[in-house]
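As structure tokens, the structure follows; a few thoughts come after it.
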Amino acid sequence: RSKATVSVLYWSQLSEKMSDDEGEKELIKIDYDAIDESTGFKKVDWEIWKALEEWKEKPEDEREPAGDPAELESRLEWAKWFGTEGPMKPSTEEPKILSTFENRCIAVVRLGLYAGVRDDFSQRNGKSKAIYSNGDIYEGQFYEGKKNGQGKYVSKSLGKSEVDKLIEGMIMQLPEEERLKSELTGCWCCVPDKKDEVVHQITESLAIGEEIVRTALELGYYPFYLGDYENGIRSGIGVMKSRDGSVYKGEWLNGKRHGEGIIYYANGDSYSGNWKEGHKDGYGTYTFAYWLKTIVNDKPRYTLTEGGDYRGEWGSESYSEEVDGEKVDKTARGVIKEGEWRMPDGFHFEGTFDRHNQPHTLYAPQPSLHADGVAAPPPQTCMHFPRWGLSQFGIMKKGQWSPQFKLTAVQPAAAETGY
């Protein structure tokens with residue numbers, strides 16, 4: 001009985017050819033060190049992984065063995081079945097060979113795939129690529145087994161947001177000659193010379209922020225982080241798309257947004273400013289989107305117009321709530337503290353806000369005169385009416401404005417202020 005070494009990549013084509021004239025099967029030995037040139041993974045591991053992905057995509061009533069792909073135990077049951085009864089099972093009865101292949105299937109499902117170098121302690125090191133057991137993908141730098149340096153982590157296990165599904169759906173409606181599969185992301189996108197046109201088309205059809213659409217087409221439809229890592233934690237400069245479709249670009253520290261950054265929301269809103277430990281903190285501007293809807297050829301079309309903004313300080317506020325009869329101290333973080341809120345019509349409120357981000361006067365008006373006869377300062381909130389060049393101090397409580405002083409004529413704001 002002769003032996004042969006075959007590439008697992010061509011297993012299905014060669015398995016039937018490994019029989020001699022008497023019908024006796026040859027002993028097939030899998031080359032566990034062979035590398036798949038297109039991915040860099042071991043060929044046998046890559047073929048096992050692809051078979052697992054095919055099983056996960058099958059309808060529930062067609063999966064063999066039955067199971068929930070989201071559960072690790074179900075995936076491990078599939079690995080045992082594939083290792084003992086699947087189409088890649090070695091054609092031999094030798095227990096050691098069969099056991100080796102079964103264990104390899106289990107290892108791939110439990111540990112995922114890795115393509116790259118390892119240091120003297122067998123830790124991942126240098127530029128590498130990994131697919132984790134949950135399907136997430138990381139491609140970038142490792143040091144001493146941890147993500148370190150530049151890299152991109154794609155959270156495929158979280159799935160696509162509803163926004164990304166809508167964007168992908170519109171891409172798939174394009175003529176075949178206007179779309180292609182990105183080598184960078186593996187997702188369908190438009191051809192490069194059509195990108196600006198397609199982005200505009202999707203934006204006005206779905207009322208989705210332009211930056212959200214561009215990021216999806218350029219970097220994929222799944223949540224991801226692309227940027228700097230330090231000891232396995234996001235630190236430095238990076239771009240992150242969250243599960244809700246929002247996109248953050250800016251500074252990170254210890255895995256949290258920290259420093260300067262801008263976040264784009266799916267509805268067109270954005271915030272640009274300072275962050276602290278994952279929350280808006282310090283000076284920043286929040287811009288509100290307002291979509292004007294029109295009907296063109298019996299289809300809705302949306303145009304992004306000025307929706308006003310808030311410019312000022314953000315921070316945290318401590319408060320107490322009664323829970324089950326007991327007083328509990330809490331802290332609201334990333335809330336508006338004090339600044340100017342400009343309305344779409346140009347009117348704007350200047351003053352303090354409550355922890356629900358609503359205009360709210362925190363200081364009661366002072367007596368008109370101090371004991372020494374000096375005029376007291378006005379309340380800390382003011383309404384501005386630039387259309388008429390007027391302003392008025394007063395008190396804002398629960399959405400109600402109570403004027404405390406007469407309307408005052410003011411000079412027009414400088415052009416650079418935006419007001």
Side-chain angles (χ1 to χ4, degrees), residues 200 203-204 206-213 246-247 260-275 280-296 300-315 317 332 334-366 377-419:
H200 178 71
T203 297
E204 70 171 13
L206 301 177
I208 296 174
E210 180 178 318
E211 194 65 29
I212 302 300
V213 179
S246 61
V247 175
E260 295 184 354
I262 181 169
I263 185 168
Y264 301 93
Y265 296 98
N267 69 345
D269 288 2
S270 66
Y271 167 81
S272 176
N274 292 291
W275 300 75
K280 303 177 185 72
D281 196 286
Y283 187 84
T285 299
Y286 192 105
T287 303
F288 300 92
Y290 179 77
W291 296 92
L292 181 64
K293 182 180 179 180
T294 57
I295 302 298
V296 179
R301 286 291 181 267
Y302 300 90
T303 303
L304 183 61
T305 60
E306 180 63 50
D309 58 41
Y310 164 79
R311 305 179 184 191
E313 294 296 322
W314 301 70
E317 183 175 336
V335 298
I336 298 173
K337 298 293 289 182
E338 185 170 0
E340 295 184 64
W341 189 349
R342 183 168 62 94
M343 316 301 174
D345 55 11
F347 299 166
H348 62 278
F349 169 86
E350 179 182 3
T352 53
F353 294 72
D354 63 19
R355 61 185 172 85
H356 301 294
N357 294 331
Q358 298 299 315
H360 185 83
T361 304
L362 298 181
Y363 310 101
Q366 303 292 327
Q380 301 299 306
T381 51
C382 181
M383 286 293 294
H384 298 277
F385 309 94
R387 183 184 302 173
W388 303 301
L390 299 174
S391 292
Q392 184 177 55
F393 288 97
I395 296 176
M396 179 74 81
K397 293 284 187 179
K398 297 181 179 180
Q400 298 296 318
W401 175 249
S402 299
Q404 301 296 308
F405 294 85
K406 295 180 179 180
L407 287 167
T408 304
V410 296
Q411 294 295 324
E416 59 267 24
T417 66
Y419 298 132

Hey, are the side chains of [X] and [Y] touching, using non-hydrogen atoms and a 4.5 Å cut-off?
X: Trp275; Y: Ile263; answer: yes
X: Tyr302; Y: Leu292; answer: no
X: Glu317; Y: Lys337; answer: yes
X: Thr381; Y: Phe393; answer: no
X: His348; Y: Met343; answer: no
X: Pro344; Y: Tyr290; answer: no

Holding to ring-ring contact (aromatic ring centres under 6.0 Å, His included), I want the full list of residues that pass it with Phe385, two or more places apart in sequence or in another chain.
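With sequence neighbours excluded, Phe385 shows a ring-ring contact (aromatic ring centres under 6.0 Å, His included) to Phe347, given in chain and number order.
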
Please identify each residue that fulfils ring-ring contact (aromatic ring centres under 6.0 Å, His included) with Phe349, with sequence neighbours left out.
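Per chain and number, Phe349 pairs via ring-ring contact (aromatic ring centres under 6.0 Å, His included) with Phe353.
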
From [atom1] ([X]) to [atom2] ([Y]), nearest 0.5 Å:
X: Tyr265; Y: Tyr286; atom1: OH; atom2: OH; result: 5.0 Å
X: Glu210; Y: Leu304; atom1: CD; atom2: CG; result: 9.0 Å
X: Leu206; Y: Arg301; atom1: CG; atom2: CZ; result: 9.0 Å

Please confirm whether the backbone N or O of [Y] pairs with a side-chain atom of [X], one donor and one acceptor, at under 3.5 Å?
X: Ser391; Y: His384; answer: no
X: Asn357; Y: Val335; answer: no
X: Asp269; Y: Ala289; answer: yes
X: Trp291; Y: Asn267; answer: yes

Counterpart residues, salt bridge (charged side-chain N to carboxylate O under 4.0 Å, His left out), relative to [X] (two or more places apart):
X: Glu306; result: Arg342
X: Glu260; result: none
X: Glu313; result: none

I'd like to know if Glu340 pairs up with Arg311 as an ion pair, taking the criterion as any Lys NZ or Arg NE/NH1/NH2 lying under 4.0 Å from an Asp or Glu carboxylate oxygen.
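Looking at Glu340 and Arg311, the cut-off is not met.
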
How far apart are the closest heavy atoms of [X] and [Y], and which atoms are they?
X: Gly284; Y: Trp314; value: O-NE1, 3.4 Å
X: His360; Y: Thr352; value: O-OG1, 2.6 Å
X: Asp281; Y: Tyr271; value: N-OH, 4.3 Å
X: Tyr310; Y: Gly339; value: OH-N, 3.6 Å

Which residues pass the side-chain contact (heavy atoms from CB on, under 4.5 Å) test with Ser270, not counting sequence neighbours?
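Partners of Ser270 under the side-chain contact (heavy atoms from CB on, under 4.5 Å) test: Tyr264, Thr287.
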
